[in-house]
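Let me begin by presenting the structure, written as structure tokens, before commenting on it.
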Amino acid sequence: MQRAIKNRSEFGREAQLAFWVEHEFEVLSALHYAGADVPAPFACTEKAILMEFVGDEDGDSPQLQYARFEDGEAEKVLERILWDIELMVRENVVHGDLSAFNMLYHEGQVRIIDFPQAVDPRKNSSARDLLQRDISNVVEFFQRRRAGLEREPERMARNLWNLWKYGEV
């Protein structure tokens, strides 16, 4: 199977897809169980995941990048996302591609999506850099939206990484 994936044969591409889907389902399941703001996963096949619908009768939720915030709401949403990032790290998960594109926003709540590239910091030497990028992407998105929002994403990532590294998170 590894040779087929490496050679990018049709079987290899199907096997790689199945691996990504299974990995994402496992990550979503663990994070949902831990209380993270992710859609509840219900089942998966080799090609797809059945998960909670995020939206209402009028349609699905927009990506966070299209959200409109009431006064003071952006700060609360940012704090919740940072809480989610800390929870994910505690569960040994770094999203690896977190941005306003990979979060859905509905009625004041965020759902983080798109986990096939998520990594376990115990097993991936790039996890610290990926965590730094995730936090920077999120903080910078909110800073662009809200002048005066003071955060230092590099320091935040370094502190969170050290807390995880020494078992304090």
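The neighbour count for Y166 OH, taken as heavy atoms of other residues, nucleotides or ligands under 6.0 Å away, does not exceed 12. Other residues, nucleotides and ligands place more than 12 heavy atoms under 6.0 Å from the CZ atom of F42. Counting heavy atoms of neighbouring residues, nucleotides and ligands inside a 6.0 Å radius, atom CD of E168 exceeds 12 of them.
Between Q117 and L130 the shortest side-chain heavy-atom distance does not fall below 4.5 Å. Contact of the E107 side chain with the D56 side chain is registered, since non-hydrogen atoms from C-beta on lie closer than 4.5 Å. Side-chain atoms of L82 and M156, non-hydrogen and from C-beta on, do get closer than 4.5 Å to each other. Between P121 and R128, every side-chain heavy-atom pair lies at or beyond the 4.5 Å cut-off. At least one side-chain heavy atom of H95 sits under 4.5 Å from a side-chain heavy atom of D97.
For the pair R80 and W83, the distance from NZ or CZ to the six-membered ring centre is under 6.0 Å and the angle to the ring normal is within 45 degrees.
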Audit row: Y105, F69, side chain to side chain contact (heavy atoms under 4.5 Å, CB included) steps and yes/no: CA-CA 10 Å; Y105 183 76; F69 299 110; 3.7 Å; yes
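Remark: R145 does not engage E73 in a salt bridge, criterion side-chain N to carboxylate O under 4.0 Å.
Screening D37, V77, I81 for a side-chain contact (heavy atoms from CB on, under 4.5 Å) with M103, the sole residue that qualifies is I81.
W164 and N92 share a donor-acceptor pair across their side chains, judged by distance under 3.5 Å alone.
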